[in-house]
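Taking it in order: structure first as structure tokens, then the write-up.
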2 protein chains.
Amino acid sequence: MTRVTLQTIADAVGVSRMTVSNAFSRPDQLSADLRDRILETAERLGYTGPDPAARALAKGSSGTIGLLFTDHLEQSFLDEIAARFLSAISGELAPSGRGMTLLSSRSKGDLVPTRDIPMDGALVYNCGAESEAVDWLRRRKLPLVFVDQEPVRGYPCLNVDDRGGARAAAEHLVRLGHRRIALVTRMDEPRVASSYTVTSRMEGWRAVLDGAGLEPIVVNATASTEDAGHDAAQALLDLPTKRRPTAVLAYSDRIAVGVMQAAQDRELIVPNDLSVVGFDDAFFAEHTRPPLTTVRQDVHRKGAEATALLMEAIGRPGPQRSDHRLLPTELVVRASTSRPGRPQASHR
Amino acid sequence: MTRVTLQTIADAVGVSRMTVSNAFSRPDQLSADLRDRILETAERLGYTGPDPAARALAKGSSGTIGLLFTDHLEQSFLDEIAARFLSAISGELAPSGRGMTLLSSRSKGDLVPTRDIPMDGALVYNCGAESEAVDWLRRRKLPLVFVDQEPVRGYPCLNVDDRGGARAAAEHLVRLGHRRIALVTRMDEPRVASSYTVTSRMEGWRAVLDGAGLEPIVVNATASTEDAGHDAAQALLDLPTKRRPTAVLAYSDRIAVGVMQAAQDRELIVPNDLSVVGFDDAFFAEHTRPPLTTVRQDVHRKGAEATALLMEAIGRPGPQRSDHRLLPTELVVRASTSRPGRPQASHR
DNA sequence: TTCCGGTACTGTACCGGTACAGCCATTCGC
DNA sequence: GCGAATGGCTGTACCGGTACAGTACCGGAA
């Protein structure tokens with residue numbers, strides 16, 4: 001039993017293959033009567049409709065967009081911010097019926113996702129611009145949109161104003177009167193070049209602190225997790241009281257939570273003994289104890305706009321238009337920051 | 001400027017198109033010397049390698065697997081259990097270099113993902129077996145694996161022993177001496193048929209309670225969230241003390257947390273005034289106050305095994321082998337359950 | 001010398017569709 | 001009543017690869 005194709009149906013109905021194709025893909029090209037007969041025959045013969053792979057080749061479009069996340073993709077699902085980004089993309093994409101194909105950048109076999117998987121374009125999120133995976137995408141001349149990473153000439157790029165948000169966070173602390181401020185940044189390994197996001201936030205913080213003539217204490221968290229934040233905080237809390245920072249700017253909310261816990265483990269009161277600022281405004285940030293002061297980014301909008309940019313790039317022929325967009329951030333002041341020093345009453 | 005294809009390279013080097021194809025896909029079929037020349041020429045002419053779409057058609061394989069989640073896909077990313085499942089899949093898939101294409105079941109346009117997107121097989125998670133989307137996949141005769149839903153004859157299916165876990169949870173409460181037990185189930189809308197998971201858990205609970213001659217109070221949460229759990233608990237907590245349940249079996253950990261909060265809002269002590277059992281053993285379950293007694297499922301294993309089953313089905317020709325696997329669940333007793341009634345000392 | 005096996009490459013026939021130009025018969029405008 | 005527009009269907013030429021069955025040549029064993 002050979003496979004059922006357009007031709008099978010065409011023969012059965014006694015029309016040309018092209019007419020059957022039209023019955024499925026361009027109903028207006030034939031009479032309703034004939035179309036019904038064709039569809040009915042197709043149904044009877046167990047034909048599912050045009051083969052997607054063949055159609056992709058002939059039309060030059062596969063109906064999917066690729067998503068490249070450098071960070072072990074595996075982890076992205078477990079990271080609230082990445083997950084919200086994915087969620088927004090899927091929401092934006094759903095109406096169009098396109099699929100989203102997640103690409104892993106490290107492939108052990110001979111299949112290289114970014115080179116070998118059919119797609120109409122791709123979103124590159126938080127990857128090194130020079131990674132091999134990205135390079136394949138570029139060489140394929142696919143429409144691309146870069147998100148949360150070093151902008152790439154010739155492509156639409158979408159960034160969050162991490163720098164501005166970090167500045168606002170730092171200014172908030174300085175204005176409260178803090179002088180010994182610590183920065184908890186985030187690097188997997190000391191040697192590796194930091195991600196654009198990490199660098200941007202760092203730059204924002206430093207710009208303000210430098211301006212105020214303050215030299216921050218910098219420590220590193222090896223991951224964006226509570227545990228890593230907790231660990232990183234030890235070095236700060238071990239300092240003699242006089243040199244111990246009175247405030248901490250953390251790369252992420254999860255790290256910030258870890259820092260708060262570390263302080264609380266030592267019977268320190270947040271914010272009086274230690275003010276803590278996070279980043280991202282994760283869902284849990286308003287439910288921590290105390291509720292976390294943080295920098296909000298609109299992750300949903302980031303996903304939706306990135307997707308829209310990509311869809312537009314896919315729709316438009318010719319060279320990509322390379323506009324760089326910057327989404328705003330906003331400082332959200334909650335209860336994890338205050339002026340330094342214990343007030344009269346202390347209530348945990 | 002026309003596109004660079006295999007033929008372009010073939011002409012430039014002066015060999016047949018087939019030889020160029022082999023240079024890329026089957027290095028052992030030609031001399032190393034010629035291969036180098038071909039690759040070099042390809043590089044020079046800006047040829048990226050075989051076109052994925054064309055290759056997919058010719059080889060009958062696109063290098064991706066589909067993932068169908070009925071629940072608004074958009075939400076799945078934000079649900080820890082679904083996200084962990086996705087994470088496990090991506091981890092299992094990464095070495096092979098395959099992509100995972102997320103399909104949304106509701107498509108407004110003329111593109112129907114499950115019908116029109118190329119893929120080599122699909123994982124169907126928590127969908128109604130009779131949904132239209134699933135139907136397309138079946139008609140395409142794709143290798144499929146069904147996870148966390150009503151097993152489908154003729155396909156490999158993977159389920160978690162929700163029923164057994166629910167039984168264990170209920171037994172735990174009965175053994176502690178609870179007699180007035182409430183069930184918090186989960187349905188979006190009253191009319192809609194419940195998901196298989198919802199039904200299974202419910203059946204497990206009831207089996208035990210029926211056996212013990214207990215008639216549970218049943219309430220519904222409209223989502224698997226803290227807020228929905230909080231809301232659902234009101235009906236229970238509004239009951240006069242003598243009829244108020246002393247224990248609650250919740251569909252999920254998030255719902256359980258909402259229930260605990262509702263109780264605590266009323267100055268009730270968990271577990272003494274109200275014992276609460278969740279389901280899934282989400283990461284946060286051990287950090288709630290009090291730490292949550294729950295039923296653990298191995299989400300990572302679920303994802304890994306489902307993926308392995310699918311890969312195997314894709315590799316094997318012929319009819320699918322339809323084995324149904326059941327992954328174990330395990331009751332994890334923490335501090336949110338105790339015998340009913342206040343003990344001597346009460347410490348929140 | 002003949003035969004055999006292996007290596008290196010080629011030619012043809014697909015894979016299963018879609019685009020587009022063309023053909024024929026109506027129908028419409030004037 | 002005639003040219004032009006329209007509707008409905010067909011034929012051919014791709015889309016860009018891969019599979020498989022050759023062919024040609026070469027070295028070594030019988």
Side-chain angles (χ1 to χ4, degrees), chain A residues 2-39 42 45-63 110-111 115-120 140-142 317, chain B residues 2-39 42 45-63 110-111 115-120 140-142 317:
Chain A
T2 180
R3 203 163 153 200
V4 182
T5 70
L6 276 186
Q7 190 65 61
T8 319
I9 313 299
D11 294 346
V13 181
V15 294
S16 80
R17 184 165 49 136
M18 202 53 233
T19 302
V20 180
S21 173
N22 283 333
F24 283 95
S25 306
R26 296 198 177 165
D28 56 321
Q29 294 297 302
L30 37 62
S31 65
D33 180 36
L34 178 56
R35 173 157 197 260
D36 288 346
R37 252 170 51 227
I38 291 177
L39 294 186
L45 267 47
Y47 181 68
T48 318
D51 177 84
R55 181 195 276 234
L57 175 58
K59 300 186 77 153
S61 156
S62 68
D110 42 349
L111 241 185
R115 185 192 59 188
D116 299 326
I117 290 180
M119 52 189 132
D120 298 339
R140 280 171 71 178
K141 302 200 179 79
L142 287 171
Chain B
T2 179
R3 202 162 155 204
V4 182
T5 70
L6 276 186
Q7 191 65 62
T8 318
I9 314 299
D11 293 347
V13 181
V15 294
S16 80
R17 183 164 47 135
M18 202 54 233
T19 301
V20 180
S21 172
N22 284 333
F24 283 95
S25 305
R26 294 196 177 168
D28 57 321
Q29 295 295 302
L30 36 60
S31 65
D33 180 37
L34 177 54
R35 174 157 196 259
D36 287 346
R37 251 168 55 226
I38 292 177
L39 293 186
L45 267 46
Y47 180 68
T48 318
D51 179 83
R55 181 194 276 236
L57 175 58
K59 300 185 77 152
S61 157
S62 68
D110 41 349
L111 241 185
R115 185 191 59 188
D116 299 327
I117 290 181
M119 52 188 133
D120 299 339
R140 279 171 71 179
K141 303 201 178 77
L142 288 171

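All values reported here derive from a predicted model rather than from experimental measurement. Here is the naming used below: chain letters follow the sequence lines, and residue numbers restart at 1 for every chain.
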5' precedence on DNA chain D between A58(B) and R17(A) (nearest-nucleotide basis): R17(A)
Any side-chain heavy-atom pair of I38(B) and V15(B) under 4.5 Å: yes
Touch class at under 4.0 angstrom, heavy-atom based, for L57(B) against every strand present: base
Approximate separation, where rounding is to 0.5 Å, of T48(B) OG1 and F24(B) CZ: 8.5 Å
Lys/Arg N to Asp/Glu carboxylate O, R3(B) vs D51(B), below 4.0 Å: yes
The single option from V4(A), T5(A), I9(A) passing side chain to side chain contact (heavy atoms under 4.5 Å, CB included) against Q7(A): T5(A)
Any M119(B) side-chain heavy atom under 4.5 Å of R140(B) side chain: yes
Axis bend over the full length of the helix from dT1(C)-dA30(D) to dC30(C)-dG1(D), computed from five pairs that close each end, to 10 degrees: 40°
Euclidean distance, atom CG of residue D33(A) to atom P of dG8(D) [Å, nearest integer]: 11 Å
Sugar-phosphate only, base, or nothing, as touched by T19(B) at under 4.0 Å among non-hydrogen atoms: base
Pairwise 5' ranking along DNA chain C for L34(B) and A54(B), keeping only the more 5' one: L34(B)
R55(B) side chain near S25(B) side chain, heavy-atom distance below 4.5 Å: yes
Pairing of D11(A) and R17(A) as salt bridge, 4.0 angstrom limit: no
Rounded interatomic separation in angstrom, taking CZ from R26(A) and C1' from dG8(D): 14 Å
Q29(B) CD - dG22(D) C1' separation (whole Å): 14 Å
Sugar-phosphate, base or nothing in reach of Y47(B), heavy atoms under 4.0 Å: sugar-phosphate
For atom CE of M18(A) and atom P of dG8(D), their distance in whole Å: 16 Å
Contact boundaries on DNA chain C for chain B, cut-off under 4.0 Å to non-hydrogen atoms: dC9(C) to dG16(C)
Side chains of M18(A) and S21(A) in contact at under 4.5 Å (non-hydrogen atoms): yes
Pair T19(A)-L34(A), side-chain contact (heavy atoms from CB on, under 4.5 Å): steps then yes or no: CA-CA 9 Å; T19(A) 302; L34(A) 178 56; 3.8 Å; yes
